[in-house]
*Asks:* 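Below you will find the structure I want to go over with you.
We're numbering straight along the sequence, starting at 1.
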Amino acid sequence: MGTLDRGIRVILAAVFAYLYFSGTLTGTLSYVLLALGGVFLLTSLVSFCPLYTLFGINTCKTK
């Protein structure tokens, strides 16, 4: 997983968390986005996305 990809995931996780904890979004959508934000944060911390492996996507620049 590339640096840009990880950064975008962290930013999206922060936005989803803000929307949830500020009460901007409520109901099922808020829980789904919070869970998705958690997945984004976790995958960016470990630099690995299982879906990328499934679909053969590589965002990391190779040397």
*Asks:* With rounding to the nearest 0.5 angstrom, report the OH to CG distance, Y31 to L25.
*Replies:* 12.0 Å
*Asks:* Which atom names give the shortest non-hydrogen contact between G27 and S30, and what distance separates them?
*Replies:* O-OG, 2.6 Å
*Asks:* For residues C49 and T43, report the shortest heavy-atom separation together with the two atoms involved.
*Replies:* CA-CG2, 4.5 Å
*Asks:* Is there a continuous path of hydrophobic side-chain contacts, each under 4.5 Å between heavy atoms, that joins Y18 to F21?
*Replies:* no
*Asks:* In terms of hydrophobic clustering (I, L, V, M, F, W, Y; side-chain heavy atoms under 4.5 Å; direct or indirect links), are L12 and L19 co-clustered?
*Replies:* yes
*Asks:* Short question: side chain of T59, backbone of G2 - any donor-acceptor pair under 3.5 Å?
*Replies:* yes
*Asks:* To the closest 0.5 Å, what do you measure between CG (D5) and CG (N58)?
*Replies:* 10.0 Å
*Asks:* Please give me the minimum heavy-atom distance between G37 and A13, naming the atom from each residue.
*Replies:* O-CB, 3.3 Å
*Asks:* First locate atom CZ of F40, then atom CZ of F16, and finally report the distance between them rounded to the nearest 0.5 Å.
*Replies:* 5.5 Å
*Asks:* Can you tell me how far the CE atom of M1 sits from the CZ atom of F48, to the nearest 0.5 Å?
*Replies:* 8.5 Å
*Asks:* What's the separation between atom CG in L36 and atom CZ in R9, rounded to the nearest 0.5 Å?
*Replies:* 9.0 Å
*Asks:* To the nearest 0.5 angstrom, please state how far the OG1 atom of T3 sits from the CD1 atom of I8.
*Replies:* 11.0 Å
